[in-house]
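Whatever order the structure lists them in is the order used to number ligands and atoms, beginning at 1. Hydrogens, waters and symmetry mates play no part in the numbers below; they use all other heavy atoms, side chains included.
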Amino acid sequence: MHLNIVTAADDIQAAWPVFKPAVNPATLTHKQLLRGEFWRKIPAYADVDEQTFLDHAWQARNSITRVERLFATVQGVASQEFLSDVARGFNSSPMSVRLSPYLVSLIDWSRPYEDPLRRQFIPVQSRLLADHPRVGLDSLNEQGDAPVPGLTHRYADKALFLALDRCPVYCRFCTRSYAVGVDTDEVEKVNLPANTQRWRDAFAYIASRPEIEDIVVSGGDAYQLRAGQITEIGDTLLAMPNVRRIRFATKGLAVMPQKIVTDEAWRDALVQVVEKGRKLHKEVVVHTHFNHPNEITWITERATDLLMERGVTVRNQSVLMRGVNDSVETMTRLIKRLSHVNVHPYYVYLHDLVKGVEDLRTTLATALHIEKNVRGTTAGFNTPTFVIDAPGGGGKRDVHSFEYYDRETGISVFTSPAVQKGALYLYFDPLHALSRSALRRWQDPVEQEAMTRAAIARARRLDRPFSGVARGVAGKSRLHVEDRAWP
Ligand code: SF4
């Protein structure tokens with residue numbers, strides 16, 4: 001039978017010589033997942049067998065939060081010079097540090113400065129850059145839209161429920177560094193513990209608002225909820241007639257897939273909420289957060305296979321980061337590898353204006369370029385939408401929907417009529433991507449104000465959708481009188 005298929009394929013090639021030649025399977029790199037006991041190359045894990053490495057409790061117990069522990073773990077594979085740089089980076093980071101052994105094993109310690117996973121999770125002093133003058137701690141103004149602590153109600157029909165403030169790992173670029181993790185030298189965090197009274201207030205608010213249909217359960221990270229808490233939250237929300245959709249948000253699959261594989265109680269609790277929702281004709285799904293193809297290994301595949309078998313839909317939201325996934329090649333491989341393990345690539349976010357991670361931010365122009373080249377490489381339903389979460393609370397906007405974008409000053413202006421009519425939302429490209437003359441202007445507070453005002457004025461004058469003229473040519477204004485401009 002196999003031979004017949006090969007013969008048929010050869011016949012097709014012979015009959016239609018201009019037909020696309022079959023690609024060499026070796027070039028389909030998105031299918032080539034890391035296999036074997038890859039963790040054993042790390043000195044501290046050299047004697048760890050597969051059963052132990054797959055144990056979620058072992059992963060949690062051996063997660064690294066202190067620099068001394070990191071040193072002991074990678075001593076011999078990372079250089080002393082690099083480790084000293086890390087020690088200084090730990091002290092000046094606004095974000096807590098927490099690394100799972102899984103993550104530590106996936107970093108190329110012979111090239112740690114360039115490694116895309118190291119860049120996301122381990123700060124090094126020598127690579128930190130001064131913050132853009134317009135970055136802030138809660139750049140999305142989540143607290144400003146929170147009727148009760150830990151519940152953000154911005155879009156009319158959707159609420160974001162921050163059930164807790166702990167995660168299986170801590171990401172340097174976290175938008176919620178104002179609350180997530182423990183206090184650091186730089187930041188005293190807003191407290192959002194998994195507290196029953198706080199949850200009751202959040203549930204009461206959701207139940208009181210008939211317009212809310214969609215709940216994102218996040219944090220922190222739903223991975224850190226106990227199985228019983230998953231059930232409690234799921235059952236409570238599903239019992240509300242107004243709630244039609246629930247999303248459990250967890251980065252866990254990307255940083256500790258072992259939990260799905262070996263924490264049966266947690267996995268069963270999630271699956272039961274999904275099944276209960278299905279019987280009620282309500283959708284319950286998982287939203288996760290992969291940023292680089294190296295995060296997807298045979299262990300991830302085993303975890304996503306288990307979720308697929310139990311009928312759990314998983315969608316992915318990535319953050320576009322410099323030196324991590326800001327190339328067409330890497331982003332394409334990420335998207336195709338996600339699809340390969342049955343995770344739908346849903347969103348790619350432009351990096352939020354977060355403190356302490358200017359080295360990771362990239363430009364709106366980069367997002368536009370990558371989106372243009374990625375679209376068409378795979379099916380449309382597996383192609384993510386590239387968005388910007390409009391600073392100040394405008395919500396997600398398609399990156400192409402800017403009213404005005406000045407590539408010289410790096411200022412882009414967005415509107416969000418369904419969230420706040422008349423408001424303008426400003427995004428700022430990182431200073432390291434600007435010309436010297438623009439950089440000089442950003443160093444002068446008077447010039448900062450002038451550039452910002454000029455961008456707002458241009459955005460007000462432009463009428464891109466109706467004029468049909470090129471950007472930058474003034475037309476009839478479609479913008480309403482500005483109530484406010486963020487940030
Ligand atoms: S897992 Fe999510 S919430 Fe937690 S630190 Fe990372 S980005 Fe922030």
Side-chain angles (χ1 to χ4, degrees), residues 56 59-60 63-65 89-90 93-100 102-104 106-107 116-123 135-140 142-143 146 149-152 160-184 186-187 189-194 216-225 247-260 266 286-292 295-296 300 303 314-321 324-325 334 343 346-357 360-361 387 389 396:
H56 70 97
Q59 287 285 329
S63 290
I64 293 169
T65 55
F90 263 57
S93 170
M95 198 57 192
S96 315
V97 176
R98 186 174 162 92
L99 299 160
S100 62
Y102 177 75
L103 268 187
V104 172
L106 293 177
I107 292 172
L117 275 66
R118 194 290 300 164
R119 290 175 72 90
Q120 296 177 65
F121 300 100
I122 303 176
V135 308
L137 243 199
D138 177 11
S139 70
L140 303 183
E142 289 184 339
Q143 294 171 93
L151 185 82
T152 298
L160 168 68
F161 173 38
L162 304 179
L164 75 172
D165 52 16
R166 295 290 185 265
C167 302
V169 299
Y170 293 123
C171 317
R172 291 182 55 217
F173 52 89
C174 183
T175 300
R176 284 186 203 116
S177 53
Y178 69 87
V180 165
V182 294
D183 292 349
T184 65
E186 295 285 309
V187 182
K189 311 271 174 175
V190 173
N191 241 341
L192 295 175
V216 179
V217 181
S218 186
D221 193 298
Y223 241 40
Q224 301 308 93
L225 293 167
R247 297 175 245 175
F248 283 99
T250 174
K251 192 170 171 62
L253 263 173
V255 296
M256 201 192 285
Q258 286 86 346
K259 188 170 177 80
I260 301 292
W266 194 92
V286 169
H287 274 204
T288 193
H289 180 178
F290 290 90
N291 289 321
H292 192 276
E295 293 157 3
I296 304 171
T300 324
V314 185
R315 300 188 192 118
N316 188 66
Q317 306 188 166
S318 298
V319 178
L320 184 62
M321 280 177 276
V324 174
N325 54 15
L334 171 63
V343 175
Y346 172 40
Y347 275 144
V348 174
Y349 287 80
L350 202 58
H351 200 301
D352 291 329
L353 297 169
V354 177
K355 273 171 92 70
V357 280
L360 286 179
R361 287 209 304 125
V387 295
D389 216 335
K396 290 160 207 68

Original post:
Which value, rounded to the nearest 0.5 Å, describes the distance between K251 atom NZ and C171 atom SG?
Top reply: 4.5 Å
Subject >> Those residues that, when tested against A163, pass side-chain contact (heavy atoms from CB on, under 4.5 Å) (two or more places apart) >> reply: F161, W199, V217, L225, I233
**OP:** Sequence neighbours left out, what passes side chain to side chain donor-acceptor pair (under 3.5 Å) with D221? Give chain and number order.
**Re:** T250
Original post:
Considering all protein heavy atoms, does one lie under 4.0 Å from atom 1 (S) of ligand 1?
Top reply: yes
Original post:
Below 4.5 Å, heavy atoms only, C-beta onward: do M321 and R119 meet side chain to side chain?
Top reply: no
Original post:
Do Y347 and R315 touch side chain to side chain, with heavy atoms closer than 4.5 Å?
Top reply: no
Original post:
What protein N, O or S atoms come within a distance below 2.8 Å of atom 6 (Fe) of ligand 1, ordered by chain and number?
Top reply: C171 SG
Original post:
Sequence neighbours excluded, which residues qualify as side chain to side chain donor-acceptor pair (under 3.5 Å) partners of Y102?
Top reply: T297, T300
